[in-house]
2 protein chains.
Amino acid sequence: MRRKLTLKQIAKEMDVSIATVSKALRDSSDIGLETREKIQAFAKLYNYKPNNIALSLKNRKTKNIGVIIPEIVHHFFTTVVSGVERVANKRGYNVIVCLSDESFDKEVINMEMLASGSIDGFIMSLSKETQAKKDFHHLKEAINQGMPLVLFDRVAEEIYCDKVVIDDAQGTYRAVNHLIDTGCKRIALITTVDYVSVGKLRTQGYLNAIEDAGFEIDENLIIKIEDTEDCEEPIRNLFETQEFDAIFGVNETFAVSAMREAQVRGLKIPEDVSVIGFTDGILSKYSYPRMSTINQHGVEMGEKAAEMLIDKLEEVEEDEYYRTEVVKSSLTIRESTKKIS
Amino acid sequence: MRRKLTLKQIAKEMDVSIATVSKALRDSSDIGLETREKIQAFAKLYNYKPNNIALSLKNRKTKNIGVIIPEIVHHFFTTVVSGVERVANKRGYNVIVCLSDESFDKEVINMEMLASGSIDGFIMSLSKETQAKKDFHHLKEAINQGMPLVLFDRVAEEIYCDKVVIDDAQGTYRAVNHLIDTGCKRIALITTVDYVSVGKLRTQGYLNAIEDAGFEIDENLIIKIEDTEDCEEPIRNLFETQEFDAIFGVNETFAVSAMREAQVRGLKIPEDVSVIGFTDGILSKYSYPRMSTINQHGVEMGEKAAEMLIDKLEEVEEDEYYRTEVVKSSLTIRESTKKIS
DNA sequence: CTGAAAGCGCTTACAG
DNA sequence: CTGAAAGCGCTTACAG
């Protein structure tokens with residue numbers, strides 16, 4: 001087992017000083033051409049790679065960016081991560097992904113861990129628990145320490161930082177309108193509890209669309225689900241007790257579970273019930289029939305978040321100006337909704 | 001913007017030496033109790049956190065483990081990552097996730113980047129391109145430098161290191177047997193090209209099961225797909241040209257695409273065709289009907305890989321002994337296969 | 001043209 | 001009981 005090569009060893013080997021080696025490798029004109037070339041050849045031969053840790057300590061920057069997401073086993077978040085990766089790698093940054101597991105405590109711990117030297121800035125989406133508690137001291141702390149932060153999707157107004165969100169309310173509004181345009185009259189909504197920021201906004205979009213169409217809002221057609229894992233029961237109950245001809249799900253799981261329940265009951269999609277979901281996921285693409293969706297553009301959100309963060313990291317003069325970028329959702333009409341007649 | 005607090009600042013503030021502060025904070029009995037308490041109180045008050053980078057440089061270990069996976073937008077890999085996270089966090093390690101995007105070059109670059117100081121060891125699954133090329137110099141290089149490596153799922157015999165795999169051949173064997181037990185006679189196989197290690201093994205399991213049952217192997221029932229994204233066409237072709245009563249898919253996409261094609265053709269699942277897939281994914285759980293699968297236990301694989309890696313990192317004397325852990329797959333019978341009569 | 005020195009933030013063996 | 005010194009691997013302003 002050969003230890004990693006260091007400048008010191010090269011210096012000794014070639015009988016020059018460490019400083020000379022360092023400069024030669026950065027091709028500084030300080031050093032005589034001959035020496036430079038000799039040293040570079042040697043380094044190449046033995047495959048010298050500078051130690052990142054030492055560089056980080058010296059430069060006070062790590063070229064790492066930290067991403068904290070609530071769950072990795074969740075298609076939307078992974079698309080965002082892959083967007084972040086793409087631009088980060090292009091711009092010379094590494095990505096460190098940590099999971100909060102929807103837990104406030106894990107979110108705090110991970111942030112502290114990363115903040116103490118491992119990264120130059122954060123990209124994150126709040127855990128459910130954090131949104132419920134509305135305790136953001138850890139975020140403010142990071143910002144105070146001069147650690148740039150970009151929040152995406154599940155954001156909080158109380159935090160002053162760059163943000164990337166999608167047009168949750170508008171996107172939903174358009175989707176519900178599409179249902180109405182295809183002749184649906186009674187549209188059920190399966191949504192989350194209100195403290196989840198995106199759930200609340202999507203609910204709002206639904207309400208606006210229904211009202212603007214001149215329909216009445218029927219509270220019985222709206223169900224709010226606490227735990228995504230336990231959505232089957234309330235959905236079954238909705239089918240049992242209510243009459244409707246369309247369903248809007250604020251996320252993929254809700255929408256696809258609704259499709260299944262309809263099929264179990266022998267209902268035809270979209271003839272008997274139309275279904276549309278807010279998602280960018282894989283379930284909708286592979287479902288049968290293929291589900292119409294409002295596309296969340298996770299990759300694009302990730303790319304945008306990474307651009308914003310790296311811009312901030314690299315800008316010369318800090319401005320205290322924060323932007324909120326709104327990514328526009330788009331309707332993907334597949335087979336679970338009717339054609340416009 | 002307050003910069004992060006350092007030992008130096010505390011030392012100055014309290015008019016003692018840096019060494020004293022350092023020891024006091026580690027609660028060394030070297031330092032007088034009174035001084036110790038005063039310093040600790042001060043540090044706590046100003047929320048001092050040691051700089052990880054400096055610690056890493058000093059200790060020559062980072063307490064980070066690097067995970068390189070081919071794709072993050074792939075449910076199996078994310079379950080593995082979440083297993084790794086779980087035990088890593090428990091044992092005081094951070095996880096850095098990088099993506100190879102199924103590309104050899106990106107795999108090499110990411111490894112080099114991580115290997116130069118950012119992490120103490122690797123957990124990875126090979127990219128398709130790497131498996132096709134059979135070029136493993138980057139892995140050997142890492143091992144040579146004394147960087148422990150655990151390979152999972154897509155492994156290579158040529159590399160001497162710890163490995164975590166699933167019983168691909170056996171699991172498939174059992175699944176195919178299950179199909180046979182439920183009365184299926186002509187079982188089609190949708191698999192990958194042979195250089196993907198797991199695809200090859202699963203194909204082998206299929207062949208063994210068919211032969212052991214005394215059936216004849218019909219090459220026309222076996223299709224090998226190069227690119228997962230483009231599986232629809234060959235699958236359609238299979239349905240058009242061949243007769244069969246069951247399908248085995250070596251991954252979720254293949255299996256679920258087969259289910260869809262069957263449904264489009266008005267075939268009943270499982271009455272007309274049974275379908276089973278090798279996967280641990282989310283598509284099968286939410287498909288309609290729910291798909292029977294061979295469970296890959298990704299979380300468990302991740303946990304095991306992390307345990308092996310951290311054990312190796314923390315063992316006092318290095319032994320040059322490598323283990324291969326085989327995680328046992330399990331059949332999850334849902335609705336896409338018939339009952340045993 | 002080359003190298004000694006200081007420093008990034010920390011720890012620890014050693015001297016006093 | 002406290003602190004100066006050396007060192008982890010690197011860079012850079014400065015002296016020669």
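In what follows, every chain begins at residue 1, and chains take the letters A, B, ... in the order their sequences are listed. Source: prediction; values computed, not measured.
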- Query: Ile53(B) has an atom CD1; how far is it from atom C1' of dC10(D), in whole Å?
  - Reply: 13 Å
- Item | Separation of dC10(C) C1' from Lys61(B) NZ (nearest whole Å) | 15 Å
- Indicate, with a heavy-atom threshold strictly under 4.0 Å, whether Ser22(B) touches base, sugar-phosphate, or nothing. base
- Query: Between Asn51(A) (CG) and dC8(C) (P), how many Å, whole number?
  - Reply: 18 Å
- Query: Which is true for Ser56(B) with a 4.0 Å heavy-atom rule: it touches a base, it touches only sugar-phosphate, or it touches nothing?
  - Reply: nothing
- Query: With rounding to whole Å, what would you report as the distance between dA4(C) and dA6(D) at their P atoms?
  - Reply: 15 Å
- Query: Contact class for Ile18(A) vs. all strands (heavy atom < 4.0 Å): base, sugar-phosphate, or nothing?
  - Reply: base
- Message: Please classify the nucleic acid contact of Lys23(B) as base, sugar-phosphate, or nothing, using heavy-atom distances under 4.0 Å.
- Response: base
- Counting only side-chain N and O atoms of Arg60(A), is one of them less than 4.0 Å from OP1 or OP2 of dG9(C)? yes
- Flag the pair Glu314(A) and Arg91(A) as a salt bridge only when some basic side-chain nitrogen lies within less than 4.0 angstrom of an acidic carboxylate oxygen. yes
- Message: Applying a 4.0 Å non-hydrogen cut-off, can you work out what Asp30(B) is touching in the nucleic acid: base, sugar-phosphate, or nothing?
- Response: base
- Looking only at non-hydrogen atoms, find the nearest pair between Ala115(A) and Lys4(B) and report the distance. O-CD, 4.2 Å
- Query: For atom P, what is the distance between dC1(D) and dG9(C), given to the nearest Å?
  - Reply: 31 Å
- Take the angle between the ring planes of Phe42(A) and Tyr46(A) and call it parallel below 30°, perpendicular above 60°, tilted in between. tilted
- Query: Phosphate oxygens OP1/OP2 of dT2(D): is one of them under 4.0 Å from a side-chain N or O of Ser17(B)?
  - Reply: no
- Does Lys58(A) place a side-chain N or O at less than 4.0 Å from the phosphate oxygens OP1/OP2 of dC8(D)? no
- Item | Salt bridge present between Glu325(B) and Lys163(B) (N-O < 4.0 angstrom) | no
- Task: Once you apply the 3.5 Å cut-off to both distances, tell me the Watson-Crick or G-U wobble partner of dA4(D), or none.
- Result: none
